[in-house]
Amino acid sequence: MVTAPMTALTTSAFAMDIGTSSATPPTARPVSTVPTPSVTAPTGTPASAGPILIDIEHVDFFYGPSQALHDINLKIEEKKVTAFIGPSGCGKSTLLRCLNRMNDLIDGTRVAKGQIKIRGVDIYERSVDVIELRKRVGMVFQKSNPFPKSIYENVTYGLRLQGRSNKADLDAVVEKSLRGAALWDEVKDRLHTSGLGLSGGQQQRLCIARAIAVEPEVILMDEPCSALDPIATVKVEELIQELRTRFTIVIVTHNMQQAARCSDKTAFFYMGKLIEYADTRAIFMNPANAQTEAYVSGRFG
Amino acid sequence: MDSPHSVPASDFLVNNKRIRVLGLSFDDAVKIFFGGNAVVSVVVLALITYFLFQEGFGFFGQNHRNLLTYRQAGLEYVDFIRTQESGHTALTRYLSDLRLRQYNRLTIDQKQSSAAANQSLASFDAFAAQYGDAVEPIRGLVSDLTEQATAIKTKFLIAEDKKVERQQLLAAGKSAEAAAVKIETVDFATELKVLTGTLPVYKETSAEFAKRLDVALTNAPAMPAPELAARLDRFRQLTREYVATFPATTGSLETWDYARPVPWYQSFTAFLFGREWLTASFWQDWYGIVPLLIGSLMVSLVALVIAVPLGVGSAIYINQIASMREQRFIKPSIEFISAFPSVVLGFFGIAVLGQFLRWLSQQPSLAWVPGFPFSERLNILTAGCLLALIAIPTIFTLAEDALQNVPKAFKEASFALGASRLQTIIKIVVPASLSGIISAVLLGLGRVIGETMVVLLCAGNRIAIPDFTAGLAVVTQPVHTMTGIIAQEMGEVVRGSIHYRALFVVGIVLFFLSLAINFIAQKIVRRYRISIG
């Protein structure tokens, strides 16, 4: 799965027609009346460029009439951890949810301009099968949300959707995924009890196991630790370090220390704009932009 | 003023200007007003329950006396012989059916004219007539005994009435008038001699009857087709089995004793398991709830079979699939159904739906449907369809609530794993809200089982247990229901009579049924509610 070319997406018979990419740009302006901060040109391409997996080009995004993202340009590298930081409402979660088209579920949203390419395929193309896309681009949510089913059924859910029902096969994937999510030793004796019976941190790792069970290429994490206590947070962060060898990870976080600890690259957003994107070390030690500097040093946000 | 101690204490009394009426502040009055409302509803509930039970429980004593009179006045004795007679009637129906089959064979298969067919069936008719007439002596005996038993019963009931009259006069202090009331004591032993004295006559008649049946059978004409011959053989077999029961009847008559006590529980069992609801009869009243209970359950079952897919299905559509514009249109439309008064629905059922269903059933192309064609316009199906209309808004609204309560996070997680909308609905949303959906269905059931007007108008009101041997076609038969019978008969019964109290007990059964349904619905919701950590 990991090496399968992304072009397979376009050949699916279940192409969904949402018509977002062809929508005409709306006339509305940003709702905020705060004067937009003076911005130096976003450093879209950092110096140490690896192979690019996700290429975001000139993306404008709207919730109904209000614009949430302004001309975003960003290249996400393969098998790296990329962190999105910024104050609340800056558009980082919105951009994250654009990457697997979760925003499609919200009425009235659209990418009005620009393209998001994964392995060169524009994922907002009409012929793209959203279901296939989401199998390749997994997601972990802010609030842990295991299904009200057993741990085993939670992990195998995505596989069963694909019609895989071989017991030995599923057992192997459950063990591999739970080990991958550093949860196996804690739950191996109660795989058939409810996933809701786990602690908050365990639930979140179960959600990660569920996401990696379908072998995606990318894992999107939307503030995965914001509802966890510090010890559970440490475990999830350690897990992210292990997962980076196998997956490309994009993580949204409010916690700047977390971004500093976990990520290879960091993108700073403010008011729907990408302010600065660079190696994490550079963002925190030597930011090029004054606003980034103010934010990472805790002077606002 | 530079020290905090210098602030005068009176400045701190913030509460001293409140107006009080009768020692009550405004807050107290508000509290009493709302509390009073709550108390009134609780008291009313208690009073209704008390009234229901007080009126209802008297039934069992009265029914016990009713059953006792049935035995003491010899009605039970006569009914043994009557059962024998009705067994014969059932057999003659079998013969009629056999005749119809022959007739059809002649007219339809062999294209004979009806006159010719009747002529060639003359020998069969003679046989049938002989068989039918065989019962005459028994029938005559039953008729005589019925008169005698009724006379004894009437005599006894008049004596009972007189007793009540005297007691009332005594209570009113009119002892002279009370003494003037003549009470004829009924000595059952002597009175019943007339009845039981006929036993030798019965034995003779019964033997004669058996002989006549035997003779009649030997005169049976040969059947023209093997299929019909098999039926005639079956009929012979049935007759032999029937005759074999005669000694048992004789035995029951011989051992019958008017003085044998009626056990106390029989008034309960006769009600709960009684297969007959027969009132204002010249012979004997029976208060058995089974035909009414089955009627109510059948009608509700048909209603649920229709309403559950429609209600739950539309709830899933509205909640999971429909666009905002569709929601704005469909949701109020479904909820609007409940705005129809049930009497209007019943009226619609009689005037339109019943007619339409009957017309539909008589379409030749639909003859393969079980129960089609049917001639009763008002039946279980008609009432069930209309009750479904009543249940749909309840089921829809509650099921939609249950679906709405499924956290969005579940859906998002499912979509993020590559599930389609249908997969998400079937694997995540419906299972997560299943307890709510089940309780919605149960509350819908509670709604239809208590519904009165529609079933009174459209269920056909025939007090009989439907014939379940008809399979699915059973839904085209008319029934009567528990709610319908109360509405129909409560207006014309004498207050305090056994009939009046029997209706109250039916009401109690309904009450417990609804209570149980609501209780189970609540239990299910509590038990399986998903807690999101």
Side-chain angles (χ1 to χ4, degrees), chain A residues 14 16 97 99-108 129-149 153-163 194-204 206-207 210-216 219-222 227, chain B residues 312 316-331 399-440 523-533:
Chain A
F14 300 101
M16 269 185 73
R97 291 166 66 95
L99 301 182
N100 66 346
R101 291 183 51 176
M102 282 303 276
N103 286 327
D104 290 7
L105 301 177
I106 304 165
D107 282 340
D129 180 1
V130 179
I131 288 167
E132 196 61 36
L133 169 69
R134 291 187 189 139
K135 282 180 200 161
R136 305 283 181 81
V137 185
M139 188 160 192
V140 175
F141 295 84
Q142 176 173 8
K143 199 169 165 225
S144 60
N145 53 359
F147 300 126
K149 296 171 181 282
E153 285 172 328
N154 262 289
V155 178
T156 56
Y157 182 79
L159 298 171
R160 284 183 192 277
L161 290 177
Q162 298 170 16
S194 171
L196 293 172
L198 301 174
S199 73
Q202 288 174 324
Q203 285 191 12
Q204 194 60 296
L206 175 59
C207 291
R210 184 174 66 183
I212 63 179
V214 293
E215 294 285 342
I219 300 176
L220 309 176
M221 296 187 173
D222 191 356
Chain B
V312 176
I316 288 172
Y317 181 75
I318 286 296
N319 192 269
Q320 299 291 319
I321 301 170
S323 68
M324 281 306 277
R325 194 195 294 171
E326 284 173 307
Q327 284 189 28
R328 270 200 296 274
F329 171 69
I330 299 175
K331 226 170 131 173
E400 214 252 317
D401 279 355
L403 292 167
Q404 189 67 45
N405 285 339
V406 175
K408 231 177 106 200
F410 288 169
K411 267 166 69 182
E412 284 197 330
S414 175
F415 282 126
L417 286 164
S420 68
R421 178 134 58 179
L422 190 65
Q423 286 171 323
T424 304
I425 290 171
I426 291 173
K427 293 185 176 217
I428 300 296
V429 179
V430 170
S433 58
L434 197 60
S435 65
I437 291 175
I438 290 174
S439 80
K523 255 294 193 262
I524 288 175
V525 169
R526 294 232 181 94
R527 185 85 171 269
Y528 299 103
R529 180 178 293 156
I530 299 159
S531 53
I532 311 301

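Hydrogens, waters and symmetry mates are skipped; everything else that's a heavy atom, side chains included, is used. Remember, it's a predicted structure, so these values are computed and weren't measured experimentally. In the text below, chain A, chain B and the rest are named by the order of the sequence lines, each starting its count at 1.
- The parts of B:K427 that come within reach of chain A are both its backbone and its side chain, each placing non-hydrogen atoms under 4.5 angstrom from that chain.
- In this structure, OH on A:Y157 lies 6.5 Å from CD on B:Q423, to the nearest 0.5 angstrom.
- Contact between B:S420 and A:I131 at its shortest, heavy atoms only, is CB-CD1, 3.5 Å.
- Side-chain contact between A:K149 and B:I428: present, with at least one pair of heavy atoms (C-beta onward) separated by less than 4.5 Å.
- Separating the CD atom in A:Q142 from the CD atom in B:E412 is a distance of 10.5 Å, to the nearest 0.5 Å.
- The nearest pair of heavy atoms linking A:L161 to B:A419 is CD1-CB, 3.4 Å.
- Closest of all the heavy-atom pairs between A:N145 and B:A409 is ND2-O, 2.9 Å.
- The minimum heavy-atom distance between A:F141 and B:A413, with the atom names listed, is CE1-CA, 3.7 Å.
- Residue B:F410 comes nearest to A:F147 through the heavy atom pair O-CE2, 3.3 Å, listed as atom of the first residue, atom of the second, then distance.
- Interface remark: B:S414 contributes backbone and side-chain atoms alike to the contact with chain A (heavy atom separation under 4.5 Å).
- Note: A:M139 CE to B:L417 CG = 11.5 Å, rounded to the nearest 0.5 Å.
- Of the atoms belonging to A:L105, it is side-chain heavy atoms, and not backbone ones, that fall under 4.5 Å from chain B.
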